[in-house]
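Input: a single structure, listed below in structure tokens.
All values reported here derive from a predicted model rather than from experimental measurement. Whatever order the structure lists them in is the order used to number ligands and atoms, beginning at 1. Along the sequence shown, the residues carry numbers beginning at 1.
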Amino acid sequence: MKNIVAVYPGSFDPPTNGHIDIIKRASKIFSKVIVAVTHNCNKKHMFSLEDRVSMMKEAVKSIKNVEVSSFSGLLVDYLDKIDSFCIVRGLRALSDFEYEFQMALMNRKLKQDVETIFLVPDQEYTFLSSSTVREIASLGGNFKNFVPKSVYKEMIKRGKENV
Ligand code: PNS
């Protein structure tokens, strides 16, 4: 495999086991994976950027060739900054496809040599999303099996602090 640094961008609000599954798969393919946490202007975030970065750092700390970073602005500008051309995104189901396809083609329009590689998570995560985790958590449901242990602990701690 070539010496390729891949960027896995997302809002990760919060990081889920599905995200970690994709990161582990990517880490086996690429020489380095940079998990790039950012703001999605189409979403209202539950956690601050700093919190999402710190939750993600804790969740992936045992994976050797993975780094966690953050950026603001366009993804293609961030790619330029770190000298990468490769974006990794997870594709769970057909319902993800239209949005992901549009984003991949738009990123390629903005920066010609960009490649988006789609990875498919284990099927046990195909139903899982940060938004469902947020909803279950905010309604007092059990979301323990859907997020990394450290994320669960942090969310429970915050929930208690906010009572
Ligand atoms: O986890 P998400 O929220 O689905 O990730 C979407 C994200 C953050 C990767 C996307 O919104 C993004 O790349 N935002 C950065 C701004 C940007 O480059 N927008 C143009 C994308 S075509």
Sidechain N-carboxylate O distance under 4.0 Å for R108, E115
yes

Which residue and atom name correspond to the protein heavy atom nearest atom 3 (O) of ligand 1, and how close is it?
S11 OG, 2.6 Å

Whether over 12 other heavy atoms sit under 6.0 Å from D83 CG:
no

Decide whether an N or O pair under 3.5 Å exists between R89 and ligand 1.
yes

So that I can tick it off, tell me whether D77 and K111 are bridged by a salt bridge, with the cut-off set at under 4.0 angstrom between side-chain N and carboxylate O.
no

Residue portion contacting ligand 1 (non-hydrogen atoms closer than 4.0 Å) for Q102
neither

Proximal atoms of ligand 1 relative to G10 (non-hydrogen, under 4.0 Å)
1 (O), 5 (O)

Yes or no: does G73 have any heavy atom under 4.0 Å from an atom of ligand 1?
yes

Taking a cutoff of less than 4.0 Å between a non-hydrogen atom of the residue and any ligand atom, is Y99 in contact with ligand 1?
yes

Any idea which atoms of ligand 1 are less than 4.0 Å away from a heavy-atom of N107?
21 (C), 22 (S)

Any side-chain heavy atom of I22 sitting closer than 4.5 Å to one from V88?
yes

Check the orientation of H45 and H39. Use parallel for under 30°, tilted for 30 to 60°, and perpendicular for over 60°.
perpendicular

Nitrogen or oxygen atoms of L75 and ligand 1 under 3.5 Å apart:
yes

Going by atom types alone, do D51 and S54 pair a side-chain donor with an acceptor below 3.5 Å?
no

